[in-house]
Amino acid sequence: MVFVVALAFADAAGAQDWPWSDSSLPPVQRAQMALDQMTEQEKLSLVYGVIAAPWGGKPKPSGSIGSAGYVAGVPRLGIPALQETDAELGVSNPGDVRPGDTATAMPSDLALASTWDPEIARLQGQSVAIEARAKGFNVLLGGAANLIRDPRGGRNFEYFSEDPLLTGAMAGSMIEGVQSRHIISTIKHFALNAQETDRVVLNARIDPAATRESDLLAFEIAIERGRPGAVMCAYNQLNGSYCCENDWLLNQVLKTDWRYPFFVMSDWGAVHSTVRSAMAGLDQESGEQLDTQNFFEGPMARAIAEGELPEARLDDMARRILTSIFAHGLADKASASEPVDFAGADRTALAIAREGTVLLKNQGLLPLSADTRKIVVIGAHANLGAPSGGGSSQVMPRGGIAAKEQLGKNRAMIFDPGSPLEAIRLQFPRARVDYDDGSVAPRAAKAAADSDAVILFVDQWMTETADAPNLSLPGEQDRLVEAVTQANPRTAVVLETGGPVLMPWLAQTAAVLAAWYPGQKGGEAIAEILSGAANPSGRLPVTFPISEGQLPHPKIQGDPDGAPIGPVGRGGHYGAMFTGVYDEGAAVGYKWFVERAEPPLFPFGFGLSYTRFALSNLAVDVSGRTVTASATVRNLGDRTGAATPQFYVSGPKSANIRLRLVGWDRVELKPGEDRQVIVSIDSRLFARFDEDARKWRIQPGVYRLTAGFDSQQQELAASFELQSASLPP
Ligand code: GLC
């Protein structure tokens, strides 16, 4: 993969005209010029960072804004400090370290991925980056590209999809949007951080070639498209070696095969050595208070002095960091922050929630008629707001949190403002719209029986550091849904969850919407879809199983009921390692269901609309190594809607490619309108990875391309022939 370092275009000199301030020079040249002036101590100051908050009795580091991370710069040479903030779903404010500071709470990445619209992902990245810069941040710890390997994964709401192409496209576009505002985006968590429980003592065991075709392909595509200025290595071990000291992962795959020119930072508390991790490709220790000791300051100086670590490696670490700083405009005057357009941020948040809500079932209920006289809204604090996920991505939303449900010690479900109930009342001005909190099922059922229609909200709190023990709705919510739908089948269930859930009551409810964590404009979006003001267009980025027995791991690996073992800090120790065996390999999500011929509850790519679409004229064009697919999509209904025709490929027996998403487009069509969609297909998607040769290999033979509106419903098929070929990694 060829990597051309993007030049930071900005006007001439920075604050002071050091030779390296000339932004017309290539970033790597500017980096070398600055590096040549640095003392060893100044180089060391670049390669480790701290949590920028009061810690161990000390105040937050002077010069830091207050956030997850701070890396001192080199003021003597005009090298800025790195002010690092989590901002996957909006700019976070951990522990209210910046008292009262709030930010726009965007919908979850699952909602963003459900749009299948990379452009809106770019807008989200851009919008969040503008808010981050306005607060003084220049590194955004966001651009999560882990595959959703296990639907019970605690951070699935921060991830995009089970498919590497969809994940890579969406994460890459988000990263591109972030970096368009002269801020470094950090793709994370590299790699196989597929579950949260005991993530720091998880040894993820998986076939290397399968890793290349799944989790690593998502990162590779996202890095190609977004060019993130930093990569964050993950907590877990990969095949017996911690990711942050994994030579195969960092030096061979990322820096050699993919020719990545910027730097690798650790996750917070994910460093376990000085020489081993530096030599394996780690360039910066993050949040060093969470490590059992500092590894990259004093111990690194000693290792160099004692000849254990070549000074040249420290130079390479510092050079990579400086190259990223210069390439993304952090040291250039021109990239001063810009005013925040909060109305624009709200428009982006609303568009994501609107386009990311997936209509899963609709038996003649939605959109609700404007003449509906009596509606009852039930459950999930829908009178106040919408749930969000826990952990480092948590945003303190503008306007303040709407509700907080304590779930245990340091575990509270935070609700973003934007009351669905109030939004529904606005959409149905002629209706009486009541609310019941759903805490007493018989009372809720009575309210349902007395209404013309029921909007029943259910939620599932997910968080960093803990996986869901199962896929059932938490608490008594399944019984609540059963009681309410028994009392009135004209019920629309709105899922506000952190991933797929089981629905034992599905047959007895008229409609189901997957709204995920919809952010602080989510209430509005849900109400618009219920009334038909917006036509739902979301498509599932993850498979919804009928039962956990269908999954590669019917019980999630590790001990979700055990006390989570997190980064331990000084003097702590990590518990016993456990091995998570990912023997499904690259068969993640729908690929597993297809391989096992298992029918899902709702398939990857699925989503209904208030109109209907048809697909025709599938054609495949093979010229040399370029394969292009096209088809015509038509709106057969009586209202405008957006369709997402999807293209999949399966290969000859020799290739053993059962089904892979190879392209899609999202098109908005008026009634009767049709449009041809054309996708050019990344050749790697026809290939298997040969780890020994470190090459992609395309087997010769007849390949089958299908087109449809989800991974199961493939209406059209065409065959084409490919010659044998090898591609660079
Ligand atoms: C966390 C997360 C990572 C986050 C970092 C800083 O433990 O794994 O996503 O960016 O620490 O908060």
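Keep in mind the model is a prediction, meaning the values are calculated, not measured. Throughout, numbering of the chain's residues begins at 1 and tracks the sequence. Start at 1 and go down the list; that is how both ligands and their atoms are numbered.
- Between Phe604 and Trp116, the ring center distance clears the sub-6.0 Å criterion.
- Residue Glu88 does not touch ligand 1, judged by heavy-atom distances below 4.0 Å.
- Nearest heavy-atom pair across Ile352 and Gln124 is CD1-CG, 3.6 Å.
- In this structure, the protein non-hydrogen atom closest to atom 10 (O) of ligand 1 is Asp86 OD1, 2.6 Å.
- Near His189, meaning under 4.0 Å from any of its heavy atoms, are these atoms of ligand 1: 3 (C), 8 (O), 9 (O).
- When hydrogens are left out, the protein atom nearest atom 3 (C) of ligand 1 is Asp267 OD1, 3.4 Å; that is the closest non-hydrogen contact.
- Using a 4.0 Å cut-off to heavy atoms of Lys188, the atoms of ligand 1 that qualify are 3 (C), 4 (C), 9 (O), 10 (O).
- Between Leu46 and Gln284 the shortest side-chain heavy-atom distance does not fall below 4.5 Å.
- For a threshold of 3.5 Å applied to N or O pairs, the pair formed by Glu464 and ligand 1 contains at least one separation below that value.
- Arg149 forms a cation-pi arrangement with Tyr582, by the criterion of a distance under 6.0 Å to the ring centre and an angle within 45° of the ring axis.
- Residues Phe262 and His328 bring their aromatic ring centres within 6.0 Å.
- In this structure, Met232 is part of the shell of residues with a heavy atom less than 4.0 angstrom from ligand 1.
- With hydrogens left out, the protein atom closest to atom 7 (O) of ligand 1 is Tyr235 OH, 2.7 Å, a heavy atom.
- Side chains of Arg122 and Gln126: a donor-acceptor N/O pair is present below 3.5 angstrom, by distance only.
- Between Glu88 and the options Lys188, Arg155, Met106, a side-chain contact (heavy atoms from CB on, under 4.5 Å) holds for only Lys188.
- Heavy-atom separations between Arg199 and ligand 1 include at least one value shorter than 4.0 Å.
- Taking every heavy atom of Ala68 and a limit of under 4.0 angstrom, the matching atoms of ligand 1 come to 6 (C), 12 (O).
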